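None of these values were measured; they are calculated from a predicted model.
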2 protein chains.
Amino acid sequence: MKTETRKEEIIRVAAKLFKQKGYSAVTMRDIAKAMGIKAASLYNHINSKQDILNEIIISLAEAFTQEMKQIQSSGVNSIDKLKKIIELHVNISSQNIYGMASLNNDWMHLKDKLQYYLKLRNTYEDDFKTILIDGITKNEIINIKPEVMMFSILTTLRSLYIWIPKKEQLNLEALTDDLINVLINGIAKE
Amino acid sequence: MKTETRKEEIIRVAAKLFKQKGYSAVTMRDIAKAMGIKAASLYNHINSKQDILNEIIISLAEAFTQEMKQIQSSGVNSIDKLKKIIELHVNISSQNIYGMASLNNDWMHLKDKLQYYLKLRNTYEDDFKTILIDGITKNEIINIKPEVMMFSILTTLRSLYIWIPKKEQLNLEALTDDLINVLINGIAKE
DNA sequence: TTATAAAACTAACAAGTGTTAGTTTTTTTT
DNA sequence: AAAAAAAACTAACACTTGTTAGTTTTATAA
């Protein structure tokens, strides 16, 4: 376990504050105070406030994209691919609760990286939809508009960062199992 | 259809901007410019930027609370209550897309009204959970942790404001039906 | 038409913003 | 112990923020 650099520490502390109040409402002085230093000192480690946001969001977006490509080429059936996607979101979200908040709420404050982020997101959603359409074709998934299914599942998964901290004793495996049940099998007794 | 007051117009325009950039990133000068007046002129109609946010969020939160009480006392079974909740969210969200964005993303910037808002939200979630527990008891709903079920359904419903605008031809009834299917019956073919 | 109310305006404020320059302190390397 | 590098500091900048005071214009009522 390699030790955290000062820059990584700044990004981690900033992400925590961004989750609480959003990127725009957090000042460089807030971040500095949370680290016990003065705002100007931050600039020995980072280039700008904007760069902090870039690093938080882009690294996460790239992680999702990369894993989706793995799932895509895994060769399992569509339901199992969806299960892998659920696991992916639980894993990343539980490891980076604060970053996920920025990814969800502050992506629109990206500037240089905005187009790149949108490209990654669109690719991810297209891949997701392709899995659903494939499942419908192969009769593994009910024939409902794939957009609505994707919206429902993806929205739930993207909001995990809100709910995971609330679960006192965080059993990730149990959470994953429950989510698979709820999202794929529904909640009604047949 | 009674005509909109200037104050209502400010709140409507502000909500639209809040959806795009978040409360903190929108300035009074932004709002004024979108209305074709100067920032100082806004204060002939509203007391503060804070008050704009208060009105947007609290009116929506109260609408949800009120309707939930209706559903609670409607006497139908738990699955039908869930269907009514889905309809409720589709209706309010489609009628106030911009306000729903503030409700979801900017509630933490409430000040005086923050405690009141949290009380309304907690009550709503408690009522929701009670319906689920009741459904489990009566064997209408599968026996999974009600928190996970509520999280999944409620998160999807709360995010409708993101997706509704994307649906080119907005058939609300069809959307409601699809959501009922996906959220209650799941997506897998049995 | 004249008086009244409503709604816009200009100008400015005090406080807060991200960031830079230059300097001092602390830590690491030789 | 001396030199070099890293990381903190103070002070300030140019700009933006929400808001107020006072005034002028526009619309309504008498």
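Between the side chain of A:Asn96 and the backbone N or O of A:Ile92 there is no donor-acceptor pair closer than 3.5 Å. Side-chain N or O atoms of A:Ser48 include one that pairs as donor or acceptor with a backbone N or O of A:Asp51 at under 3.5 Å. Checked by atom type and distance alone, the side chain of A:Glu8 pairs as donor or acceptor with a backbone atom of A:Thr5 at under 3.5 Å.
Annotation: salt bridge (charged side-chain N to carboxylate O under 4.0 Å, His left out) contacts involving residues 63-77 of chain A, sequence neighbours excluded, comprise A:Lys69-A:Asp127. For residues 173-184 of chain B, the pairs satisfying salt bridge (charged side-chain N to carboxylate O under 4.0 Å, His left out) are A:Lys145-B:Asp178, with sequence neighbours left out. A salt bridge (charged side-chain N to carboxylate O under 4.0 Å, His left out) check over residues 22-41 of chain B, counting only residues at least two apart or in different chains, returns the pairs B:Lys21-B:Asp30. Applying the salt bridge (charged side-chain N to carboxylate O under 4.0 Å, His left out) definition to pairs two or more places apart or across chains, none involves residues 108-118 of chain A.
Listed by residue number, A:Arg29, A:Ile37, A:Lys38 are the residues of residues 16-39 of chain A with a heavy-atom contact under 4.0 Å to DNA chain D. Sorted by residue number, the members of residues 43-54 of chain A with any non-hydrogen atom under 4.0 Å from DNA chain D read A:Asn44, A:His45.
The side-chain contact (heavy atoms from CB on, under 4.5 Å) search around B:Leu154 returns B:His89, B:Tyr124, B:Glu125, B:Phe128, B:Met150, B:Arg158, not counting sequence neighbours. Residues forming a ring-ring contact (aromatic ring centres under 6.0 Å, His included) with A:Tyr117 (at least two apart in sequence, or on another chain): A:Trp107. B:Ser94 is linked by a side-chain contact (heavy atoms from CB on, under 4.5 Å) to B:Ile164, B:Leu172, counting only residues two or more places apart in sequence or in another chain. The ring-ring contact (aromatic ring centres under 6.0 Å, His included) check on B:Tyr23 picks up B:Phe18, B:His109, with sequence neighbours excluded.
For DNA chain C, the stems formed by at least three consecutive Watson-Crick or G-U pairs, with both atom-pair distances below 3.5 Å, span C:4-30 with D:1-27.
Atom OH of A:Tyr98 is surrounded by 12 or fewer heavy atoms from other residues, nucleotides or ligands within 6.0 Å.
A 4.0 Å heavy-atom criterion places the boundary nucleotides of DNA chain D facing chain A at D:dA7 to D:dA12, written 5' to 3'.
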